[in-house]
Amino acid sequence: MIKVTFPDGSVREFAEGTTGLQIAESISSRLAQEVLAVSVNDQLWDLTRPINDDCTIKLHKFDDEEGKHAFWHSSAHLLAEALQELYPGIQFGIGPAIESGFYYDVDPGEAVIKEGDLPAIESKMNELAAQKSPLVRQEISKTDALKLFGERGETYKCELISELEDGTITTYTQGSFTDLCRGPHLPNTSEIKAIKLTSVAGAYWRGNEDRKMLTRIYGISFPKKKMLDDYLVLLEEAKKRDHRKIGRELELFAFSQAVGPGLPLWLPKGTALRLRLEEFLKKIQKEFGYQQVMTPHIGQKELWITSGHYAKYGKDSFQPIKTPQEGEEFLLKPMNCPHHCEIYKVSPKSYKDLPIRYAEFGTVYRYEQSGELHGLTRVRGFTQDDAHIFCRPDQLKDEFLKVMDIIFIIFKALNFENFEAQISLRDPENKEKYIGSDENWEKAERAIVEACEEKGLPARVELGEAAFYGPKLDFMVKDAIGRRWQLGTIQVDYNLPERFDLEYMGNDNQKHRPVMIHRAPFGSMERFVAVLIEHTGGKFPLWLTPDQVVILPISEKYNDYAFELAAKFNKQDVRTIVDDRNEKIGKKIRDNELKRIPYMLIVGEKEAENGEVAVRKQGEGDKGTMKADDFSAMITAEVEEMMNSYQP
RNA sequence: GCUGUUAUAGCUCAGUGGUAGAGCACUUCCUUGGUAAGGAAGAGGUCUCGGGUUCAAGUCCCGAUAACAGCUCCA
């Protein structure tokens, strides 16, 4: 007998060789139907794999990550089996489960797989799933594995096998398809009830630009048809929230081929929104002891040679600007740090002066690869809500904590309730990729980890994701429909102070090196506005939205009253426009609902006579009539209350 | 940058070798209205750009550019 410990701590005995599935059956038949995989001593196993020792187990259904993972991984194998039948001689790369769904990278040889071929592949998958083929795990020696896949001409698989250690290799077989795979998998393919192949795209073999490009087929699958339908609805919803679409509809920003790719044009309404965000952050930063500075958009090439960026990025950047003066070269600034370092150096600094915090909404230019440009989230000219903090080493952690406070205030003000953090450290295997001493790196990495602990901020640690000059802490928010976006960033830098030879006089009358922190709570104004659009679906908070109120006269007879009110409201800082088109009221309501203006005021004979407005709230409908002055006071109070609640 | 797809009116799109179309938006007129689309008329296009095939190209072929999806990259 073996002792099995469940997640709740209870222990039960089972015969040696009992499987996860049998354990589930012993609890309830319903559980046995829904369970997909099992963790045995925190290792993910097949349900059909016999358990021979005492262990702790956890059963996984579709609603947890591990269950989904096994489900989609098996779906990838099912996709491969279907492809093998439809495209004889096809070669397989890898086919993993991903965050939502799965893919398989394949090399179809001469054949071409297009979007239009996906339905046929889907049908084949459904047909094969219905056959209830068990997925059978087999341990195999390295020699046998190389022989097996070698005979089938699977060069990609053989490459993978040759890098594995003998004795750790397993295969899974369902029907006529055998794949090299660590597992785990579903007991059989019939669990996969609803399949959608979503797209086909190219992907480099092993993610390497220099290797062959394979065909990647993406798909997603579910144990129930209804779940697939819900997922497809979510995709539709995401499409409706696309910031590129809403940005055009609400006249926030645009691109022009004449101006150039990746160079956004901010339209009046988008500019109003952005400036309001900037003012909000400036106000908070003032409270936190920041000083605004301003620097030019260009600087001498030597500035970035000093910083080290020219060596690393110079050849892939906008190229230097020449002048009539022989040998004189300027660069469009790709970041603001060197300029801020020069500001620091304008006068000698004492330890009593630190920390010094220079903030600038600094516009920078980076020559992103053409295929990388995407709406406002990835552009070639953008404005960072940048600041550089110069402090003493003993102030580092405290400054870090204060920056985190600013970021929390911003997330709260804009209703990003779900966020997480990622600590990016250097790759310990590849230390030569980074500049700076071991000692400094370790100090900085420790400060970040401790700051997160002190704030109780759960953070994922990623090795090898650090910038080349220092470790960083990035914030990811989840938007209203659950997608993750990277926004704010805080980066420690021991390197630039060194390169720019920054100093301060200590209380020991000796010169010391300050520590630098780069930070941008929004990230960039472009990216942040894009994420905010997708998060809110274009329904911005009242304090932020470009137009807060639109007045809709019932007929042209009441236009004068409408304009009078608008003028009065605007004087009171209630941002108001008038829809004076010669249209029926129903039409005006519809159009302004679609513009997501928070308040619509309908005015006709009754209202004009009594100095009233009929209030309609966007998305909520008629709210009844009130005095015009009461309405503007209400809006002013609502905005003030919001702004005051975010005082540091 | 790589692979694939796309490019027609301000927007969304139809047009599949024989002189360019719809809906919305826009302009003018009628209408002057009460909570999500009133009616009529009109204006608007070198069919992204450059080559080629053809008697004839928006349509077929090649190239460039841009956008989109994915990959790679992201100071």
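Each chain gets a letter, A, B and so on, in the order its sequence line appears, and its residues count up from 1.
- Residue contacts for A:Thr215: at a heavy-atom cut-off of 4.0 Å it reaches no nucleic acid atom on any strand shown.
- Remark: A:Arg248, A:Gln257, A:Pro261 in residues 248-269 of chain A come within less than 4.0 Å of RNA chain B through at least one heavy atom.
- Atom C1' of nucleotide B:A25 and atom CZ of A:Arg590 are separated by 13 Å, given to the nearest angstrom.
- As judged by a 4.0 angstrom heavy-atom cut-off over every strand, A:Asn582 is placed among the base-contacting residues.
- Regarding contacts with the backbone of B:C73, every side-chain N or O of A:Lys312 stays at 4.0 angstrom or more from both OP1 and OP2.
- Side-chain atoms of A:Thr377 and A:Glu526 form no donor-acceptor pair, as typed in the model, at a separation below 3.5 Å.
- Rounded to an integer number of Å, the gap from A:His374 NE2 to B:C68 P is 7 Å.
- Cation-pi geometry between A:Arg380 and A:Tyr367 is met: the NZ or CZ atom falls under 6.0 Å from the ring centre, inside 45° of the normal.
- For B:A75, the base is not stacked against the aromatic ring of A:Tyr469, per a cut-off of 5.5 Å between centres and 30° between planes.
- Separation of the C1' atoms belonging to B:A20 and B:C13 is 14 Å when rounded to the nearest angstrom.
- Using atom C1' as the reference point in both B:G45 and B:A9, the two lie 5 Å apart (nearest Å).
- Closest approach to the A:Ala203 side chain among B:A36, B:G38, B:C71 is made by B:C71 (side chain taken as heavy atoms from C-beta onward).
- Residues from residues 488-499 of chain A placing a heavy atom under 4.0 Å of any atom in RNA chain B do not occur.
- Across all strands, A:Lys606 comes closer than 4.0 Å to base atoms (heavy-atom distances).
- Judged purely by distance below 3.5 Å, without hydrogens or angles, the side chains of A:Thr383 and A:Arg274 pair a donor atom with an acceptor atom.
- Residue-level contact check: A:Gly604 touches the bases, meaning some heavy atom is under 4.0 Å from a base atom.
- For A:Arg366 against B:C73, a side-chain-to-base donor-acceptor contact under 3.5 Å is absent.
- Using N1 to N3 plus N6-O4 or O6-N4 for Watson-Crick, or N1-O2 and O6-N3 for G-U wobble, each under 3.5 Å, B:G38 pairs with B:C30.
- Base engagement by A:Gly371 is indicated by at least one non-hydrogen atom pair under 4.0 Å involving a base atom.
- With 3.5 Å as the limit, one finds a donor-acceptor pair spanning the side chains of A:Tyr218 and A:Arg216.
- Contacts of A:Arg216 with the nucleic acid, taken as non-hydrogen atoms under 4.0 Å apart, involve only primed sugar atoms and P, OP1 or OP2.
- Here the nucleotide nearest the side chain of A:Tyr204, chosen from B:C71, B:A67, B:G38, is B:C71.
- In this structure, B:C55 and B:G18 make a Watson-Crick or G-U wobble pair, each of the two defining distances being under 3.5 angstrom.
- Look at the C1' atom in both B:A43 and B:U27: the space between them is 7 Å, to the nearest Å.
- For the salt bridge (charged side-chain N to carboxylate O under 4.0 Å, His left out) with A:Glu249, the qualifying choice from A:Lys269, A:Arg596, A:Arg241, A:Arg244 is A:Arg596, the only one to do so.
- Closest contact between the side chain of A:Asp622 and the listed nucleotides B:C74, B:U35, B:C30 involves B:U35.
- Interface remark: the A:Arg616 side chain does form a donor-acceptor pair with the B:A36 base, using a distance-only criterion of under 3.5 Å.
- Closest to the A:Lys587 side chain, of the nucleotides B:U35, B:A75, B:A25, is B:A25.
- A:Glu360 and A:Thr295 are linked by a side-chain donor-acceptor pair at a separation below 3.5 angstrom, with hydrogens and angles left out of the test.
- Spacing between atom CE of A:Met213 and atom C1' of B:G70 amounts to 8 Å, rounded to whole angstrom units.
- Annotation: A:Glu620, atom CD; neighbour count of heavy atoms from other residues, nucleotides and ligands within 6.0 Å is above 12.
- Spacing between atom CE of A:Met626 and atom C1' of B:U35 amounts to 17 Å, rounded to whole angstrom units.
- Side-chain polar atoms of A:Asp386 and A:Asn336 form a donor-acceptor pair below 3.5 angstrom.
- Comparing A:Val615 and A:Glu583 by the nucleotide of RNA chain B that holds the closest heavy atom to each, the one mapping nearer the 5' end is A:Val615.
- In this structure, A:Lys245 places its NZ atom 10 Å from P of B:C13, rounding to the nearest Å.
- Contact check for A:Phe330 versus A:Lys301: no side-chain heavy atoms found under the 4.5 Å cut-off.
- Atom CD1 of A:Ile585 and atom C1' of B:A37 are 13 Å apart (whole Å).
- Taking atom C1' in both B:U48 and B:U59, the straight-line distance is 16 Å, to the nearest Å.
- Residues from residues 553-565 of chain A lying near RNA chain B, meaning a heavy-atom separation below 4.0 Å, are A:Ile554, A:Ser555, A:Glu556, A:Lys557 in numerical order.
- Contacts of A:Glu607 with the nucleic acid, taken as non-hydrogen atoms under 4.0 Å apart, include base atoms.
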Please walk me through it: do A:Trp485 and A:Arg527 pass side-chain contact (heavy atoms from CB on, under 4.5 Å)? CA-CA 10 Å; A:Trp485 301 86; A:Arg527 190 177 167 78; 4.1 Å; yes
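- The phosphate of B:A75 has neither OP1 nor OP2 within less than 4.0 Å of any side-chain N or O from A:Tyr367.
- Counting to the nearest Å, the C1' atom of B:A36 and the NZ atom of A:Lys595 are 14 Å from each other.
- A:Met335 has its CE atom 11 Å from the C1' atom of B:C74, to the nearest Å.
- Each of B:G70, B:A36, B:A75 was ranked by its minimum atom distance to the side chain of A:Tyr218; first place goes to B:G70.
- Nucleotides B:G17 and B:A56 have their C1' atoms positioned 7 Å apart, rounded to a whole Å.
- The listed nucleotides are B:G38, B:G1, B:A75; the one nearest the side chain of A:Ser317 is B:A75.
- For the pair A:Glu605 and A:Cys337, nearest-nucleotide mapping onto RNA chain B gives the more 5' position to A:Glu605.
- Salt-bridge formation is not detected for the pair A:Lys240/A:Glu236: no Lys NZ or Arg NE/NH1/NH2 atom is positioned less than 4.0 Å from an Asp or Glu carboxylate oxygen.
- Note on A:Tyr313: a side-chain N or O is less than 4.0 Å away from OP1 or OP2 of B:A75.
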Hey, mind stepping through A:His339 and A:Trp304 against ring pair (Phe, Tyr, Trp, His ring centres under 6.0 Å) and telling me if it holds? CA-CA 10 Å; A:His339 288 77; A:Trp304 287 279; 5.7 Å; yes
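- Residue contacts for A:Leu214: at a heavy-atom cut-off of 4.0 Å it reaches no nucleic acid atom on any strand shown.
- For A:Ser199, whose side chain is taken as the heavy atoms from C-beta onward, the closest listed nucleotide among B:U32, B:A69, B:C71 is B:A69.
- Between the side chains of A:Glu159 and A:Trp205, a donor-acceptor pair is found at a separation under 3.5 Å.
- Residue A:Lys443 qualifies as enclosed at atom NZ: its count of foreign heavy atoms under 6.0 Å is above 12.
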Let's go through A:Phe92 and A:Tyr104 carefully: what are the C-alpha distance in whole Å and the side-chain angles of both, what is the deciding distance for ring pair (Phe, Tyr, Trp, His ring centres under 6.0 Å) to 0.1 Å, and is it a yes or a no? CA-CA 8 Å; A:Phe92 295 98; A:Tyr104 219 113; 5.4 Å; yes
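- In this model, no donor atom of one side chain and acceptor atom of the other lie less than 3.5 Å apart for A:Gln319 and A:Ser317.
- Look at A:Arg244 and you'll find a side-chain N or O under 4.0 angstrom from OP1 or OP2 of B:C68.
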